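For ligands, and for the atoms within them, numbers begin at 1 and follow the listed sequence. Only a predicted model underlies this, so the values are computations on that prediction, with no experimental measurement involved.
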Amino acid sequence: MFKQAKALTKMPILLKIAPDMEIEDAVTLTKMAVASGADGIIATNTTVDYSLVKEPKDIGGISGAVLKEKSFKIFEAIAKELYGKTLLISVGGIDSAEEAYKRIKAGASLVQILSGLVFHGPDMIMNVNKGLIELLKADGYENITQAIGADRK
Ligand SMILES: Cc1cc2nc3c(=O)[nH]c(=O)nc-3n(C[C@H](O)[C@H](O)[C@H](O)COP(=O)(O)O)c2cc1C
């Protein structure tokens, strides 16, 4: 499927996964995707695990803070297998520099923040960037590239 898609475009093609599948299945799926030509993995999309919220409205995927642990767990499992072999992007419940840093050290070359911006506003980006600089300094890194996948080494 990736080979066919790549024949149609010069743009990279990444697989974005849901956080609701079994971790083993997610790892198998993402490894197969990379072996088949995917240029990277994005983990994760929103969840339909409505047990995460008190009074859920069954109208779609849930994002934001309640997704944080679930999203990280699946990202980390994938990173353990695929870090260094493909581009990994972490998304889901990231709401602070600490959480972004955790994902970077786990193996993410990029992190995405969506719902966090709704609750913390656009200043959040500046705060996360400033916080990341402090966290990098505290760990003795000169640039962020050195921190990517630090937990995998
Ligand atoms: C309103 C809304 C629309 C979204 N639309 C898309 C989409 O079109 N394609 C996609 O891959 N993910 C989409 N997502 C999922 C987000 O990209 C992201 O994976 C998810 O919200 C978890 O990140 P967050 O907790 O930072 O919001 C959407 C999320 C929200 C809240």
Do any nitrogen or oxygen atoms of ligand 1 lie under 3.5 Å from a protein nitrogen or oxygen, and which ones?
| residue | atom | partner | partner atom | Å |
| --- | --- | --- | --- | --- |
| ligand 1 | 11 (O) | Lys16 | NZ | 3.0 |
| ligand 1 | 12 (N) | Lys16 | NZ | 2.9 |
| ligand 1 | 17 (O) | Lys16 | NZ | 2.7 |
| ligand 1 | 19 (O) | Lys16 | NZ | 2.9 |
| ligand 1 | 19 (O) | Thr44 | O | 3.0 |
| ligand 1 | 25 (O) | Gly64 | N | 2.8 |
| ligand 1 | 25 (O) | Gly93 | N | 2.7 |
| ligand 1 | 26 (O) | Leu114 | N | 3.0 |
| ligand 1 | 26 (O) | Ser115 | N | 3.4 |
| ligand 1 | 27 (O) | Ser115 | N | 3.0 |
| ligand 1 | 27 (O) | Ser115 | OG | 2.6 |

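Smallest separation of non-hydrogen atoms from Leu14 and Asp39: CG-C, 4.3 Å. Smallest separation of non-hydrogen atoms from Leu67 and Pro19: CD1-CG, 3.8 Å.
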Open item on the list: Using salt bridge (charged side-chain N to carboxylate O under 4.0 Å, His left out), reason through Arg103 and Glu99 one step at a time and then give a plain yes or no.
Closed with: CA-CA 6 Å; Arg103 313 288 179 108; Glu99 190 61 31; 2.8 Å; yes
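Residues satisfying the side chain to side chain donor-acceptor pair (under 3.5 Å) criterion with Lys105, sequence neighbours excluded, are absent altogether.
Counted by atom type alone, Ser63 and Thr46 present zero donor-acceptor pairs between their side chains at under 3.5 Å.
Sparse packing is recorded around NZ of Lys3, with 12 or fewer heavy atoms of other residues, nucleotides or ligands lying under 6.0 Å away.
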